[in-house]
Amino acid sequence: MSHTKQAGKGAGSIPRVLISADRSSSGKTTISMGLMAALVSRGYKVQPFKVALDYIDPSYHTEITGRFCRNLDGYLMDENGILDVYTHACEAGDHADIAIIEGVRGLYEGFESLSDLGSTAQIAKILKCPVIFVINARSITRSSAALVSGYKNFDPDVEIAGVILNNIGGLRHAEKAKEAIEYYTGVPVIGIVPRDPSMQISMRHLGLMPALEGRRRLGDGGFEARLRGIEEIINKGIDVDCFLKIASSAKPLRSPENSVFSRTSTSSATYKPKIGVALDEAFNFYYHDNIDLLELAGAEIVYFSPVKDPLLPEVDGLYIGGGYPELFAAELEANKSMRSDIKKASSEGMPIYAECGGLMYLTEKISTGVPGKGTYHDASMPESTYSMVGALPGHTIMGKTRVVSYNIGTLEKDCIIGKKGNIFKGHEFHHSEIREIPEDAEFAITISRGTGIKDDRDGLISGNTLGSYAHLHGVAYRELADSLVEAARKFRESKVFC
């Protein structure tokens, strides 16, 4: 095992590195995966992170490292919140030996044009993290030095400590680009990754195919073979020892104040309400911090599959996250007993919270493969309509819109996710819209930024069932976990004492 491995350190002093690039599609996700796999093979406990609010890249990081990947977002979270998420993740279970953070888009892309708010660079500065800069060097050599020089000098507070050249066509290509970068910028080139189709991961309309779906489609053997192939290419092309040395150069961090993860449930109740969390190929978009916070608020988590399980488990509340229910609509429709169980639970007043894909599942039906001028259309989805749960009114139509945005919402009434007047920052991304909503339908949320479900409203409700396009992170909106757990506890008590 490498002599650079360091055990027993606090989160603020463990080695860490951030992998970024000049733009999207430069290869940073696959390279990050390969480096994580290479270090795990060497015996390191690698804690992965992803900048911004993606779910899909983190699913691969989690698969590879065996530790839940965490999201870091400088628009939703303040500096203390970012330190809180980082520290909690690194210290969870067996303390991590190293943290690897994958950036989002280009290094300086963020919420605004004249600040680094919401950018990868913002996270690098808050976490005092050296940056490994990935360049898609296809068809460029000397120009790559200008690229590194520009990014290095744009913000001197961002430390670009190494470069990885991706999509290299041959030895002469690699030599020219490496020589130019190191001569003109002084930044070492620590990796040369050849052009290789095996480095590609299957795509989906909102990004990579989630890891759970990848296993299903490729089979365990094919999926593992693909990951092993990527790891082999990275081991051959990147100086892993140099990578570790750069990670070890990270400066110490302060501890977060008033950590949301350090508290325990304030309830004196001895019963832990059970919250069922939908988890399968159709529903797997969760921030694991939300799950941790539900448990800290006093809940017991019970996982179930709306695709495979015939019946709901014995629970006091449900959390149905995002995903791709449209791709598994036939299986979801075929599982009539599960749909019936969820609708019955909703009618009985069980608190049910659903985000995006979960919202779609709770509506009356989903129509897929609907073409339209200027709209997204996935040819792999047949043009068909499928019956869903029907706990919420409306007809979900795929392919008629594309929304990718942060949002800001205000709760207009007390509900299962908080009190009237609460304000949250969240985000939404979807290729669906919900039609045929009755005029008298109730909404719990008014959206001041973003799209929502209808007319700047989100949080469609029926009794204690709430579905929204907004995805919430429990560190940015702290009322989420406590409110949902308390609603589940009250539902349990109403059943016991009725």
Side-chain angles (χ1 to χ4, degrees), residues 55-56 203-207 209-210 213 216-217 278 280-285 305-308 318 320-343 346 352-405 428-443 447 450-462 465-471:
Y55 293 103
I56 298 176
M203 299 296 287
R204 270 281 171 246
H205 51 264
L206 292 176
M209 180 189 297
E213 187 185 344
R216 169 177 160 141
R217 292 179 180 270
D280 56 21
E281 303 92 328
F283 305 101
N284 49 69
F285 290 1
S305 169
V307 173
K308 300 183 182 75
L318 294 178
I320 309 176
Y324 295 129
E326 68 272 22
L327 300 177
F328 303 92
E331 290 108 311
L332 291 168
E333 180 184 57
N335 195 347
K336 294 180 181 179
S337 56
M338 175 60 74
R339 291 191 289 116
S340 176
D341 258 14
I342 293 175
K343 187 172 184 178
S346 174
I352 301 176
Y353 173 56
E355 294 180 328
C356 198
L359 161 68
M360 294 159 61
Y361 178 53
L362 292 183
T363 62
E364 296 165 290
K365 51 191 173 181
I366 291 178
S367 289
T368 61
V370 180
K373 183 178 179 181
T375 65
Y376 170 81
H377 174 56
D378 186 343
S380 68
M381 291 192 293
E383 188 172 346
S384 187
T385 296
Y386 305 89
S387 295
M388 292 291 114
V389 173
L392 293 173
H395 179 181
T396 300
I397 306 289
M398 292 302 305
K400 302 299 288 184
T401 188
R402 183 179 189 273
V403 176
V404 180
S405 176
E428 56 183 307
F429 49 91
H430 51 93
H431 279 289
S432 67
E433 61 180 303
I434 300 175
R435 297 182 176 181
E436 301 173 23
I437 300 174
E439 288 299 320
D440 62 351
E442 290 188 79
F443 294 86
I447 296 293
T451 301
I453 294 173
K454 179 183 179 182
D455 300 331
D456 295 325
R457 292 179 295 172
D458 205 352
L460 185 60
I461 59 174
S462 176
T465 297
L466 185 152
S468 73
Y469 274 128
H471 292 269

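Around atom NZ of Lys343, no more than 12 heavy atoms belonging to other residues, nucleotides or ligands sit under 6.0 Å away.
Between Glu439 and Lys454, at least one side-chain nitrogen of the basic residue sits less than 4.0 Å from a carboxylate oxygen of the acidic one, meeting the salt-bridge criterion. A salt bridge links Glu281 with Lys308; the closest basic N to acidic carboxylate O contact falls under 4.0 Å.
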- Message: If you apply the rule side-chain contact (heavy atoms from CB on, under 4.5 Å), what do you find for Tyr361 with Arg339, and how did you get there?
- Response: CA-CA 9 Å; Tyr361 178 53; Arg339 291 191 289 116; 3.7 Å; yes
- Message: Applying side-chain contact (heavy atoms from CB on, under 4.5 Å) to His395 and Thr385, what does each step give before you reach the verdict?
- Response: CA-CA 9 Å; His395 179 181; Thr385 296; 4.3 Å; yes
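Annotation: side chain of Ile434 is in contact with side chain of Leu359 (closest heavy-atom distance under 4.5 Å). The shortest side-chain heavy-atom distance between Phe285 and Ile56 falls under the 4.5 Å cut-off. When side chains are defined from C-beta on, Tyr386 does not count as touching Leu332, because their heavy atoms never get closer than 4.5 Å.
Rounded to the nearest 0.5 angstrom, Arg457 CZ and Thr451 OG1 are separated by 14.5 Å. Note that CD1 of Ile320 is 11.0 Å distant from CD of Glu355, once rounded to the nearest 0.5 Å. The distance from the CD atom of Glu326 to the CD1 atom of Ile397 is 12.5 Å, given to the nearest 0.5 Å. For the atom pair NE2 of His431 and CZ of Arg402, the computed distance is 5.0 Å after rounding to the nearest 0.5 Å. In this structure, OG1 in Thr396 is found 11.0 Å from CZ in Arg435, a value given to the nearest 0.5 Å. Separating the CD1 atom in Ile342 from the CG atom in Asn335 is a distance of 8.5 Å, to the nearest 0.5 Å.
Between Phe283 and Phe328, the ring center distance fails the sub-6.0 Å criterion.
Of the candidates Asp455, Ile437, Ile461, Phe443 forms a side-chain contact (heavy atoms from CB on, under 4.5 Å) with just one, namely Ile437. Remark: of the listed residues Leu362, Ile453, Thr465, Leu466, Ile453 is the sole one forming a side-chain contact (heavy atoms from CB on, under 4.5 Å) with Leu460.
Classified by interplanar angle (parallel below 30°, tilted 30° to 60°, perpendicular above 60°), the ring pair Tyr55/His471 is tilted. A parallel orientation is assigned to the rings of Tyr469 and His430, their planes being inclined by less than 30° (bins at 30° and 60°).
For the residue pair Asp458 and Gly467, the shortest heavy atom distance occurs at OD1-O, 4.3 Å. Contact record, Ser405 with Gly450: OG-CA, 4.2 Å, taken as the closest heavy-atom pair.
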